[in-house]
Amino acid sequence: MADYRTIKAEPLTRAIHAIVKAGGSSDREAELVATNLVEANLKGHDSHGVGMIPRYVQSVTNGGLAVNQHVKIVLDTGPLLTLDGLTGYGQVIGHEAMELAAERAKKNGVCLVGLSNSHHIGRIGHWAEQCIDHGLVSIHFVNVISRPIVAPWGGSDARHGTNPFCVGIPRTGKDPIVLDFATSRIAQGKTRVAHNKGVELEPGTIIDHEGKPTVNPRYTVIPPYGAILPFGEHKGSGLALVCEILGGALSGGQVVKGPSDGKYNVLNGMLSIVIDPGKLGTGENLAREVESFVAWHTGSPPAPGVDKVRIAGEPERETKQKRLAEGIPVDPTTWQEILESGKKFGLDQAAIEKIAS
């Protein structure tokens with residue numbers, strides 16, 4: 001669209017950093033939040049990118065997001081770690097949680113970490129990538145405490161969040177495997193992006209407030225609310241149920257019990273299993289067998305209209321390369337929302353525009 005603007009990653013990061021810092025966050029916190037959000041945009045996940053800032057500002061304003069919090073250790077036995085995010089920025093809480101988990105996994109071979117009460121934890125692949133940087137395999141089950149937005153299979157209204165599932169697998173000297181998906185047909189943020197762009201959703205993605213099929217994304221953004229459907233019918237719905245219980249309850253946190261309180265707050269719980277393949281004694285075997293299977297998997301002749309078979313995480317890396325070169329597209333509605341959110345923290349529009357230029 002002609003009215004889109006493209007902003008290079010570096011100035012966009014500086015602009016988001018300035019807004020977060022204006023809300024009372026330390027430099028380090030502002031840096032973690034800004035780099036995390038822009039990284040999501042770079043990898044093509046605009047739903048988890050800078051468009052979240054207006055929601056964060058609203059949450060800081062209404063007390064649902066506490067600035068300058070650090071993860072609290074509730075239990076630490078080495079291989080088992082229970083953490084409380086104290087409703088702090090998920091970009092900080094998630095980072096600290098994964099660093100603690102990585103340290104223990106390297107020492108003990110594995111760390112099972114339950115994290116509760118983190119404010120919006122963002123793109124879950126980010127945490128798998130952090131574990132990958134330590135040479136570790138990780139599995140993540142996540143739940144969402146907010147306004148329910150996804151219908152269970154066979155249901156006609158929203159009963160839970162998008163409840164992501166993620167796995168990260170490092171590869172020696174090669175790009176890793178990062179599987180990261182919502183258990184809904186589409187991420188909630190992607191419906192917001194579609195609404196801001198004024199485009200329809202694919203048929204079979206959402207239902208309206210009466211439980212009827214619709215392609216209008218407004219039913220996930222403004223009242224009366226409908227619901228997103230689960231991916232893979234009963235299979236995605238079953239995985240969402242498991243993510244709710246493992247990420248929400250086994251982690252030490254909460255599960256969705258009813259409608260939200262009307263405030264725009266998002267809390268995440270996450271159960272992560274972090275494994276050191278070397279300590280398991282299978283590191284060399286994993287490295288060898290991964291390459292064998294990736295070669296076999298990607299060796300399938302491409303279907304009509306497909307250039308090549310990819311592995312999980314590859315499309316995101318391709319998008320990042322393109323957006324680093326060309327800039328990140330931001331639709332005018334989202335950009336205006338970002339400017340207005342900065343104003344709530346005392347930054348005028350001209351100041352943000354100047355930083356982002």
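Heavy atoms only: backbone and side chains are in, while hydrogens, waters and symmetry mates are out. Position 1 is the first residue of the sequence, and the numbers go up from there.
- In the model, Glu99 has a side-chain atom that pairs as donor or acceptor with a side-chain atom of Gln130 under 3.5 Å.
- Following chains of ILVMFWY side-chain contacts shorter than 4.5 Å, one cannot reach Val274 starting from Ile169, and the two form parts of different hydrophobic clusters.
- Between Tyr56 and His119, the two ring planes are perpendicular [angle over 60°; tilted spans 30° to 60°].
- In Lys8, the NZ atom is crowded: over 12 heavy atoms of neighbouring residues, nucleotides or ligands sit closer than 6.0 Å.
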Checking side chain to side chain contact (heavy atoms under 4.5 Å, CB included) for the pair Asn163/Val150: CA distance, chi angles, key distance, verdict?
-> CA-CA 9 Å; Asn163 293 15; Val150 183; over 6 Å; no
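- The 12-atom threshold is exceeded at CD of Glu340, counting heavy atoms of other residues, nucleotides or ligands nearer than 6.0 Å.
- The side-chain heavy atoms of Arg55 and Glu337, taken from C-beta on, include a pair separated by under 4.5 Å.
- Counting non-hydrogen atoms of other residues, nucleotides and ligands closer than 6.0 Å to CD of Gln321 gives a total of 12 or fewer.
- Across Ala158 and Pro148, no two heavy atoms sit closer than the pair CB-O, 3.3 Å.
- Taking the six-membered ring where tryptophan is involved, the planes of His48 and His45 are perpendicular, since the angle between them exceeds 60° and thus also 30°.
- Between Leu83 and the choices Val113, Val74, Asp76, the side-chain contact (heavy atoms from CB on, under 4.5 Å) rule is met once, by Val113.
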Under the salt bridge (charged side-chain N to carboxylate O under 4.0 Å, His left out) criterion, do Glu353 and Arg5 qualify, and how do the steps go?
-> CA-CA 12 Å; Glu353 290 278 14; Arg5 63 187 297 164; 3.1 Å; yes
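- Here Glu314 pairs with Lys308 in a salt bridge; the nearest charged N to carboxylate O distance falls below 4.0 Å.
- Look at Arg123 and Glu316 and you find no salt bridge, because none of the NZ, NE, NH1 or NH2 atoms lies under 4.0 Å from a carboxylate O.
- Checked for salt-bridge contact, Glu318 and Arg310 meet the test: a charged N lies under 4.0 Å from a carboxylate O.
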Side chain to side chain contact (heavy atoms under 4.5 Å, CB included) between His126 and Asn36, worked out = CA-CA 8 Å; His126 194 92; Asn36 175 286; 3.4 Å; yes
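- Under the rule for a side-chain contact (heavy atoms from CB on, under 4.5 Å), Asp133 has no partner lying at least two apart in sequence or in another chain.
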What do the steps show when you test Ile53 against Val20 for side chain to side chain contact (heavy atoms under 4.5 Å, CB included), and what is the final call?
-> CA-CA 8 Å; Ile53 277 294; Val20 176; 3.7 Å; yes
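- The two residues Gly78 and Asn108 make their nearest non-hydrogen contact at C-ND2, 3.4 Å.
- For the pair Ser146 (side chain) and Asn265 (backbone), a donor-acceptor distance under 3.5 Å is present.
- Val142 is not listed as a side-chain neighbour of Cys166, based on a closest heavy-atom distance of 4.5 Å or more.
- Formation of a donor-acceptor pair under 3.5 Å by the Arg28 side chain with backbone atoms of Val92 is not found in this model.
- The shortest non-hydrogen separation linking Ile145 to Gln254 is CD1-O, 3.5 Å.
- Within the 4.5 Å cutoff, the side chain of Ile328 has heavy atoms near those of the Leu42 side chain.
- In this structure a side-chain-to-backbone donor-acceptor pair under 3.5 Å is missing from Arg192 to Gln188.
- For Glu284, the CD atom counts as loosely surrounded, since its 6.0 Å shell holds 12 or fewer non-hydrogen atoms of other residues, nucleotides or ligands.
- Not a single donor-acceptor pair under 3.5 Å links the side chain of Arg171 to the backbone N or O of Val290.
- The shortest heavy-atom contact between Ile139 and Val167 is CG2-CG2, 4.2 Å.
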Please lay out, stage by stage, how Thr87 and Asn117 fare under the test side-chain hydrogen bond (donor to acceptor under 3.5 Å, both in side chains).
-> CA-CA 5 Å; Thr87 72; Asn117 300 320; over 6 Å; no
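- Here the side chains of Met270 and Met98 are in contact, with some heavy-atom distance below 4.5 Å.
- One N or O on the side chain of Ser26 and one on the backbone of Glu29 form a donor-acceptor pair closer than 3.5 Å.
- A salt bridge between Glu210 and Lys212 is present, with a side-chain N of the basic residue lying under 4.0 Å from a carboxylate O of the acidic one.
- Minimum interatomic distance between Tyr219 and Pro224 (heavy atoms only, all atoms of both residues): CD2-O, 3.3 Å.
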Where do His297 and Val309 land on the side chain to side chain contact (heavy atoms under 4.5 Å, CB included) test, with the steps shown first?
-> CA-CA 8 Å; His297 173 89; Val309 176; 4.0 Å; yes
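- In this structure, the side chains of Asp84 and Val71 stay at 4.5 Å or more apart for every pair of heavy atoms.
- Shown here is Lys21, whose NZ atom has no more than 12 heavy atoms of other residues, nucleotides or ligands within 6.0 Å.
- Without hydrogens or angle criteria, Gln91 side chain to Leu32 main chain gives no donor-acceptor distance under 3.5 Å.
- By the 30° and 60° cut-offs, the orientation of the rings of Phe231 relative to Phe181 is perpendicular.
- Ser237 places a side-chain N or O within donor-acceptor distance of the main-chain N or O of Trp153, the cut-off being under 3.5 Å.
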Decide yes or no on ring-ring contact (aromatic ring centres under 6.0 Å, His included) for Phe141 and Phe165, but give the supporting numbers first.
-> CA-CA 5 Å; Phe141 302 88; Phe165 173 75; 5.4 Å; yes
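- Side-chain atoms of Pro11 and Ile355, non-hydrogen and from C-beta on, never get closer than 4.5 Å to each other.
- In the model, Glu103 has no side-chain atom that pairs as donor or acceptor with a side-chain atom of His134 under 3.5 Å.
- By the 4.0 Å N-to-carboxylate-O rule, Arg323 lies close enough to Asp46 to be salt-bridged with it.
- Defined by atom type and a distance below 3.5 Å, a donor-acceptor pair is present between the side-chain atoms of Asn196 and Thr334.
- In this structure, the side chain of Asn268 engages the main chain of Ile121 through a donor-acceptor pair within 3.5 Å.
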